[in-house]
Amino acid sequence: MAMEKAFNAAEAEGRLFEAWEKAGCFKAGANAKPEASTYCIMIPPPNVTGVLHMGHAFNNTLQDILIRWKRMQGFDTLWQPGTDHAGIATQMVVERELAKNQEPSRAELGREKFLEKVWAWKEHSGGTIINQLKRLGSSCDFDRTAFTMAGAAGDTRTGHENSSNFHDAVIKVFVEMYNKGLIYRGKRLVNWDPHFETAISDLEVENIEVAGHMWHFKYPLAGGATYTYVEKDEDGNVTLEETRDYISIATTRPETMLGDGAVAVHPSDERYAPIVGKLVEIPVGPKEHRRLIPIITDEYPDKDFGSGAVKITGAHDFNDYQVAKRGGIPMYRLMDTKGAMRADGAPYADETAKAQAHAKGAEFTEGEIDAINLVPENLRGLDRFEARKAVVDQITAEGLAVMQTRTITVKDEEGNEAEVSQTIPMVENKPIMQPFGDRSKVVIEPMLTDQWFVDAEKVVGPALDAVKDGTVKILPESGEKTYYHWLENIEPWCISRQLWWGHQIPVWYGPKLDDEHLEKIVEEQRASETSDETYWWRLDNAMAFCAPNETAVINAAKAYYGDRFEISTHQDSGSVGANHPRLHTQIDLNQPGSDLTKDDKLWVTLVRDPDVLDTWFSSGLWPIGTLGWPEWGADTSKYFPTSTLITGQDILFFWVARMMMMQLAVVDEIPFDTVYLHGLVRDAKGKKMSKSTGNVVDPLEIIDEYGADALRFTNASMASLGGVLKLDMKRIEGYRNFVTKLWQASSYGDSQIDAFSAERGAQPPSATLPLNRWIIGEIAKVREEVDSAFEAFRFNDAANGLYAFFWNTFCARYLEFTKPIFFGDDQAAKDETQAVYAWAIDQALILMHPIMPFVTEEIWNVTEGRGFETGEAAKMLAHADWPTYTAADLVDTEAEAEMSWVIAVIDNVRSARAEVNVPAGSKVPMVVTQIDAQGQAYWDRNEALIKRFARIDSLTAVDETPKGCIAIAAPGASFGLPLADIIDVAKEKARLEKNLGKLAKELGGLRGRLKNPKFAASAPPEVVAEARENLAAREEEEAKISEALARISEIA
RNA sequence: GGGCGAUUAGCUCAGUGGUAGAGCACUUCGUUGACAUCGAAGGGGUCACAAGUUCGAACCUUGUAUCGCCCA
């Protein structure tokens, strides 16, 4: 059948993908040979709310290349697709949707109803990105599409119908790790998002440089003490000396001053040495209740930054937190979950007294300190930014701001200008790095909160060892260094999020209890029934029960509380503080005089922790969770441990390292043996793609315009190990042209030489012509090149090798050289060449299929005609057998030498003609002055070919080169083009001289090396031999050109 | 401040000890029986800098400069 004029990607891609899926080409184990080893890739699960971006396109192209390659090789392959539930992103999307449709808000709906809405949204829109992966040609086993919330309450099982019960796996792991003491609850400074009212991970924080202010304030020394403040220049000369009764502090966040626990200076800072250990007063809040804090030393303050003294607010700054931990400085939390100044607790006077008591040595627990609210009444409930203004105003009004004098020009009423000196507070306007929530876009507040943690230090060991001993390989190697650096300095992993959408933590709280303290508990209970004490505060004294489900937790609670108690559970509606664990009795404990007797029946209500697990906790279980652990059967567990993980280097720690730790902790096996890391896809200039810059490239638009194959080829060619990924449209266009080239070469085979009617199979047809023997060898070489490139994850080498082979060797040489045969009349030669041509195209399609599946499959199907060898009908290319022939099998060195001689003659003639302006179209005569027997044989066999492509009409042997002749040198032969009438003698001389110049440079290097006795002594023999051969060849060429130059000079 | 990396042709990048390559761009030519989404020919680099190791360095070592990314 005649092929279309060009490949219509837009029309063919959808049709081909459907055909592959319909034929079950991508199912786990499809095309596997009997007893084949498994090869499995776990997709890095995209966010279920996501849409395909260039990063996904790149990442999935590489995965698809590997899986298609292995599938064709006959491995038992599985490429596992799926999405993660993306807690905060999904919750946000659904909340926004509710608002848009004017439906009740999340808070109005309550937890259960809201989660129904989320599942409904997932059912409707959650499949977007999975379907977009298909546009790219991704050959995942989509029947197994997984979801990290599969099996959780309310799951409608849409879009992940066959997914295993991921929820059970997550909960099981949590419970087991909890029981082993690997998971605990504690206070830590986290990135708090005041909009979503949850902790978020570092990855979800964007640090953005914004215009900020730096205020300078005076903290007066306690009791009016003074000291001599001395500043010196570099040479030690005193530049300032004054008596001060304060220490100057610079801050960009004055509202946090209320929670200061200390002022820190560098131990080597001489300016403050006299006052280290003294107390200073925090210059804000009601004067009579101002707290005194110590001046301490710590390595953290930078002497040259600001005044060199740093206020330490451990509960609201990551650096300060470390200083506070080192120095035992209390951390006072100032804000609530919305980022407003706290309004809870006792009056300010009482609270500040508590803090002062603690400072003087009274014992407080961490929770008790956290309960202290150091916000003065007049600031309570204010948004943090309003509070900042108020604090600045109050300090300035009191004269405790550091002032500066400025001269400004003012105009009076008549317009006269006058210079006026002004003293104003010192406020520096300077850019500061500020953290923003990547989804909420609000300023992230570092906040000390109760969170759940994995004690990562206890599980990191095996994950480190597996990479150190080479069991798991990370590419590029720099990734391993980063991995070690991360894991050797690992911190506790915060796994709780204050969200509803996610795996709810399987922990229930009840009152702490034992017989001795029962009365005390009852008393406390009595009090708390009427008090405003928060849930968070209550949990400090609560008993935690961790179990996979309610039945189990009730059993656990029974064991703890004993027979006297009835146990029930309460599902917290989700708003923090709305409920707390309770102990009930039929007696109204709040009635005066009421009391318990020993036989009174009691009830305990357990409350489930409202928090959910970080999405990374569940995606940390992705390899075993998707395969059905703990309920997996042999048909899925055989794919574990998986083979290759391809992902972005930015999540090496967040995801890769955690999968390593968790799989090793849970099933004691590595999750994968090789990790391939790549960078971010950037624009052509290397800028990050971002909506605000407007340089985002949509892969789907690229597919629409250039076809998926062009995009995929571009991705492969960019994928050098450790390479930077800059996406240039020009490059995509170039590879689109390559797709066309492949199509046209196939079309030539089809319409011009009817090659595809030839009978052929997987093995190369027998060939006698050097041209055909040569191309068969070249195919074998490129097959080896592609395989070794894929094995080494050098996708760029595979892509570039195929490109160069197909364009420069196959099309520019072989295809052209078949023309004299097909336009001649040697039928045997035609038959042989037809078969070889068709076979070579088949092989090229196979080798290019992993990178460009669509165009290759389309050509494969329209050209037909293969499978004669085995008698089997042609399979789809996606399941064609990957070849194993080697260069050693198929390269014919004689044919190779002959073709390179022919090509050299043609190229030299063409080059010489072009440089001396002989019209390319004109046919000219050629003479030969000298030719060896080998050269003569080559000429005789390839005369028609050389004449056609060098545009020569005759060859005459002469004894002496005619005057005015263009010299053509070839190995073992000297030719000339006697064109005295046409050529420009000066140009020909210039050409020869230029060639001599190039040769002289090469010869200089070669001779220099070979003359050096140490070279022959130290260099490997094959290098020396190569240099000798090279020198001989260059010398032969030099002699010929020198002679030609002498000849041409005769007529000049 | 710490970690990882980069610096090679006008641009984007390959190149792990044997004397420098690709694509694009550029110049000239071309309606030559697959292809103008093309073909032919060509120009273009002190491999950031400095010192060292080596017979030999873009590559290994040390230092310097500049630029990224991540963490603090």
Side-chain angles (χ1 to χ4, degrees), chain A residues 3 5-7 202-203 207 299-300 302 318-319 322 433 476-486 488-489 649-650 652-653 679-680 682 684-688 706 710 714 717-718 720-753 794 796-797 799-801 803-804 807-808 811-812 815-816 818-819 822-823 907 910-923 948-949 951 991 994 1001-1002 1004-1006 1008-1020 1022-1024 1026-1027 1030:
Chain A
M3 288 173 69
K5 177 102 176 105
F7 176 57
D202 292 347
L203 208 60
N207 287 297
E299 296 289 332
Y300 163 64
D302 178 351
F318 285 97
N319 289 314
Q322 296 298 336
M433 290 301 280
E477 214 182 290
S478 64
E480 295 193 353
K481 290 188 194 166
T482 312
Y483 182 86
Y484 297 143
H485 186 252
W486 272 115
E488 279 160 5
N489 300 290
Q649 62 201 176
D650 52 337
L652 173 62
F653 178 67
L680 216 64
R682 299 157 179 285
K685 299 262 176 253
K687 279 219 179 75
K688 260 188 193 179
Y706 298 99
T714 307
S717 74
M718 286 197 295
S720 64
L721 276 172
V724 181
L725 309 174
K726 295 185 191 170
L727 186 70
D728 190 346
M729 286 303 157
K730 282 294 204 183
R731 212 157 159 185
I732 299 173
E733 197 180 314
Y735 293 124
R736 189 269 322 265
N737 296 349
F738 183 61
V739 170
T740 305
K741 195 76 180 173
L742 174 59
W743 185 268
Q744 295 299 348
S746 306
S747 162
Y748 167 82
D750 183 44
S751 62
Q752 302 294 313
I753 66 177
R794 293 177 174 273
N796 59 323
D797 287 350
N800 295 341
Y803 185 98
W807 202 301
N808 302 330
C811 291
L815 183 153
E816 292 296 335
T818 63
K819 287 176 182 172
F822 286 104
F823 301 119
D907 283 359
R910 281 178 170 183
S911 176
R913 289 169 57 126
E915 284 194 48
V916 298
N917 297 342
V918 176
S922 65
K923 289 203 165 188
R948 181 183 177 100
F949 292 103
R951 314 277 310 156
R991 180 182 79 90
K994 190 186 73 182
K1001 206 179 147 195
E1002 281 184 70
L1006 284 165
R1009 268 204 286 169
L1010 287 163
K1011 258 198 316 202
N1012 187 337
K1014 287 183 178 170
F1015 174 65
S1018 327
E1022 63 271 21
V1023 172
V1024 179
E1026 195 192 320
N1030 209 349

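Just so you know, these numbers use all the heavy atoms, side chains as well, and skip hydrogens, waters and symmetry mates.
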Might you list the N or O atoms of the protein lying below 3.5 Å from N or O atoms in nucleotides 21-31 of chain B, with each pair's distance?
none

Check the interface with nucleotides 42-44 of chain B: list each N/O to N/O pair with the protein under 3.5 Å, or write none.
{"unit_1": "B:G42", "atom_1": "OP1", "unit_2": "A:S911", "atom_2": "OG", "d": "2.9"}
{"unit_1": "B:G43", "atom_1": "OP1", "unit_2": "A:K994", "atom_2": "NZ", "d": "3.3"}

If the P atom of B:A51 is compared with that of B:A25, how far apart are they to the nearest Å?
40 Å
Roughly how many Å is it from CG in A:N319 to C1' in B:A72, rounded to a whole number?
7 Å
For A:E816 and B:A34, what is the distance between atoms CD and C1' respectively, to the nearest whole Å?
8 Å
Phosphate OP1/OP2 of B:G39: any A:K741 side-chain N/O under 4.0 Å:
yes
Whole-Å gap separating P (B:A34) and CZ (A:F822):
12 Å
What interatomic distance, in whole Å, is found between P of B:A9 and the corresponding atom of B:G5?
22 Å
How many Å lie between CZ on A:F653 and C1' on B:C69, as a whole number?
17 Å
Show each protein N/O and nucleotides 15-18 of chain B N/O combination with a separation under 3.5 Å, one pair to a line.
{"unit_1": "B:G15", "atom_1": "OP1", "unit_2": "A:R794", "atom_2": "NH1", "d": "3.3"}

Would A:F823 count as stacking on B:G33 if stacking means ring centres less than 5.5 angstrom apart and planes tilted under 30 degrees?
yes
What integer number of Å spans the C1' atoms of B:C60 and B:U54?
10 Å
Quick one: on RNA chain B, does A:W486 or A:A745 contact a more 5' nucleotide (nearest heavy atom)?
A:A745
Do A:Y803 and A:S717 get their side chains close enough for a donor-acceptor pair, meaning under 3.5 Å?
no
Secondary structure of RNA chain B per the Watson-Crick/G-U criterion (both distances under 3.5 Å; [ ] crossing, | other strand, . unpaired) is ((((((((.[[[[.)..(..]]]].(((((.......))))).....[[[[[..)....]]]]]))))))).
Using whole Å, what does the distance between atom P of nucleotide B:C71 and atom CD of A:Q322 come to?
16 Å
Given that A:A912 and A:S751 both sit by RNA chain B, which one's nearest nucleotide is further toward the 5' end?
A:S751
Length of the OH-P vector between A:Y484 and B:G5, whole Å:
13 Å
Give, for atom CG of A:L727 and atom CD1 of A:I732, the distance between the pair rounded to the nearest 0.5 Å.
4.0 Å
Give me the distance, rounded to whole Å, that separates B:U46 from B:U7 when you measure between the C1' atoms they each carry.
15 Å
Just call it for A:E480: base, sugar-phosphate, or nothing, with non-hydrogen atoms closer than 4.0 Å on any strand.
nothing
Are more than 12 heavy atoms, taken from residues, nucleotides or ligands other than A:E816, located less than 6.0 Å from that residue's CD atom?
yes
Across the strands shown, which category fits A:L1006 at heavy-atom distances under 4.0 angstrom: base, sugar-phosphate, nothing?
nothing
More than 12 foreign heavy atoms under 6.0 Å from CD of A:E477: is that the case here?
no
Would you measure the distance from the C1' atom in B:A65 across to the matching atom in B:C49 and give it in whole Å?
7 Å
Inter-residue atom distance A:D750.CG - A:Q744.CD, 0.5 Å rounding
11.5 Å
Taking the side chain of A:R910 as heavy atoms from C-beta outward, which of B:A41, B:G33, B:C35 is closest to it?
B:A41
C1' atom, B:C47 versus B:U19: distance in rounded Å?
12 Å
Calculate, to the nearest 0.5 Å, the distance between atoms CZ and SG belonging to A:F738 and A:C811 respectively.
7.5 Å
Could you give the CG-to-P distance, from A:D650 to B:G68, as a whole number of Å?
19 Å
So, do A:E733 and A:Y706 sit near enough that their side-chain heavy atoms are less than 4.5 Å apart?
yes
Interatomic distance where CZ belongs to A:F738 and P belongs to B:C35 [whole Å]:
18 Å
For A:F949, check ring pair (Phe, Tyr, Trp, His ring centres under 6.0 Å) against everything at least two apart and list the hits.
A:F817
Listing, residues 912-923 of chain A side-chain donor-acceptor contacts under 3.5 Å, not counting sequence neighbours, or none:
{"unit_1": "A:R913", "atom_1": "NH1", "unit_2": "A:S922", "atom_2": "O", "d": "3.3"}
{"unit_1": "A:R913", "atom_1": "NH1", "unit_2": "A:A950", "atom_2": "O", "d": "3.2"}
{"unit_1": "A:R913", "atom_1": "NH1", "unit_2": "A:R951", "atom_2": "O", "d": "2.8"}
{"unit_1": "A:R913", "atom_1": "NH2", "unit_2": "A:P919", "atom_2": "O", "d": "2.9"}
{"unit_1": "A:R913", "atom_1": "NH2", "unit_2": "A:A920", "atom_2": "O", "d": "3.2"}
{"unit_1": "A:R913", "atom_1": "NH2", "unit_2": "A:S922", "atom_2": "O", "d": "2.6"}
{"unit_1": "A:E915", "atom_1": "OE1", "unit_2": "A:K994", "atom_2": "NZ", "d": "3.2"}
{"unit_1": "A:S922", "atom_1": "OG", "unit_2": "A:P919", "atom_2": "O", "d": "3.0"}

B:U19 OP1/OP2 closer than 4.0 Å to side-chain N/O of A:K1001:
no
Can you tell me how far P in B:A58 sits from the matching atom in B:U8, rounded to whole Å?
15 Å
Nearest-angstrom distance, P atom, B:A6 to B:G15:
10 Å
